[in-house]
Novice: 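My questions all concern the structure below.
All values below come from the heavy atoms of this structure, side chains included, with hydrogens, waters and symmetry mates left out. Only a predicted model underlies this, so the values are computations on that prediction, with no experimental measurement involved.
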Amino acid sequence: HNGRSFTAGGAYVAPELCIAYLGADGILNDWHGHPLGTYRIASTWRTPRNHLSSIMQQVYATVNGITYTGRSGGRGMLFRGRPVKGRSS
């Protein structure tokens, strides 16, 4: 764009926030598909009027011994989680 190239930022993992992508088989990935940790789906519900995904999922992810909880639109979609209080893997 206007002579500049842009690439995705990958993922953001810090003690207070985790932003990554849900991969196959319970593997949490960065934008480039490199594994960061694991995840499990706690619940799934339909979001029929959402233009990005027809579902929303409650996710628990573990990266570097910290368990995060947050939501995602499903596999291949962004996960944004905060640490679970008093819990690590």
Side-chain angles (χ1 to χ4, degrees):
H1 184 269
N2 291 334
R4 292 192 237 164
S5 64
F6 294 86
T7 59
Y12 179 79
V13 179
E16 70 280 355
L17 179 66
C18 177
I19 299 173
Y21 299 85
L22 301 186
D25 302 321
I27 303 298
L28 192 68
N29 296 320
D30 67 8
W31 174 258
H32 305 288
H34 301 118
L36 297 171
T38 60
Y39 73 89
R40 70 175 178 85
I41 305 300
S43 62
T44 301
W45 59 95
R46 294 204 152 307
T47 55
R49 290 182 288 280
N50 186 330
H51 66 282
L52 295 176
S53 177
S54 61
I55 62 166
M56 186 62 64
Q57 296 180 316
Q58 186 67 35
V59 179
Y60 285 91
T62 303
V63 179
N64 298 328
I66 300 173
T67 301
Y68 300 88
T69 187
R71 294 182 177 175
S72 176
R75 195 167 112 188
M77 301 291 280
L78 184 73
F79 162 75
R80 185 177 190 277
R82 300 270 182 199
V84 175
K85 299 292 183 206
R87 182 175 164 183
S88 60
S89 70

Novice: Between Thr47 and Ser53, which heavy-atom pair has the shortest distance, and what is it?
Specialist: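 Thr47 and Ser53 have their closest heavy atoms at OG1-O, 2.9 Å.
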
Novice: So which heavy atom on Pro15 is nearest to which on Ile66, and how close?
Specialist: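 In terms of heavy atoms, the two residues are closest at CA-CD1, 4.0 Å.
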
Novice: Work out which heavy atom in Leu36 is nearest to a heavy atom in Ala11; give both atom names and the distance.
Specialist: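 Looks like CD1-CB, 3.6 Å.
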
Novice: Taking all atoms of both residues into account, what is the closest heavy-atom pair of Gln57 and Gly74, and its distance?
Specialist: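 Scanning both residues, the minimum pair turns out to be OE1-CA, 3.3 Å.
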
Novice: Any side-chain heavy atom of Thr38 sitting closer than 4.5 Å to one from Leu28?
Specialist: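 Not touching, per the 4.5 Å side-chain cut-off.
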
Novice: Ignoring hydrogens and angles, tell me if any N or O in the side chain of Thr69 forms a donor-acceptor pair with the backbone of Gly81 under 3.5 Å.
Specialist: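 No; judged by distance alone, with no hydrogens or angles, the pair does not exist.
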
Novice: Of all residues at least two apart in sequence or in a different chain, which pass the side-chain contact (heavy atoms from CB on, under 4.5 Å) check with Ser54?
Specialist: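 Only Arg46 meet the side-chain contact (heavy atoms from CB on, under 4.5 Å) criterion with Ser54.
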
Novice: List, by chain and number, the other hydrophobic cluster members for Met56, where Ile, Leu, Val, Met, Phe, Trp and Tyr join if side-chain heavy atoms come within less than 4.5 Å, directly or indirectly.
Specialist: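 Direct or chained contacts put Met56 with Trp45.
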
Novice: Grouping I, L, V, M, F, W and Y whenever their side-chain heavy atoms are under 4.5 Å apart, do Met77 and Val13 come out in a common cluster?
Specialist: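 Not linked; separate clusters.
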
Novice: Tyr39 side chain to Gly23 main-chain N or O, any donor-acceptor pair under 3.5 Å?
Specialist: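 Present.
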
Novice: Using side-chain contact (heavy atoms from CB on, under 4.5 Å) as the criterion, list what pairs up with Asn29, not counting sequence neighbours.
Specialist: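 Partners of Asn29 under the side-chain contact (heavy atoms from CB on, under 4.5 Å) test: Ile27, Pro35.
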
Novice: For Ala24, give me all partners under side-chain contact (heavy atoms from CB on, under 4.5 Å), at least two apart in sequence or on another chain.
Specialist: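 Scan of Ala24 (side-chain contact (heavy atoms from CB on, under 4.5 Å), adjacent residues dropped) gives Arg75.
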
Novice: Backbone N or O of Tyr60 within a donor-acceptor pair of the Thr67 side chain at under 3.5 Å?
Specialist: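 Judged by distance alone, no pair lies under 3.5 Å.
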
Novice: Look up atom NE2 in His32 and atom OH in Tyr21, then write down how far apart they are to the nearest 0.5 Å.
Specialist: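 The NE2 atom of His32 sits 9.0 Å away from the OH atom of Tyr21.
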
Novice: Among all residues two or more places apart in sequence or in another chain, which pass the side-chain contact (heavy atoms from CB on, under 4.5 Å) test with Leu17?
Specialist: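 For Leu17, the residues satisfying side-chain contact (heavy atoms from CB on, under 4.5 Å) (neighbours in sequence not counted) are Tyr12, Ile19, Arg80, Arg82.
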
Novice: Any sub-3.5 Å donor-acceptor pair from Gln58's side-chain atoms to Ile41's backbone N or O?
Specialist: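 No, because the side chain of Gln58 does not come within donor-acceptor range (under 3.5 Å) of the backbone of Ile41.
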
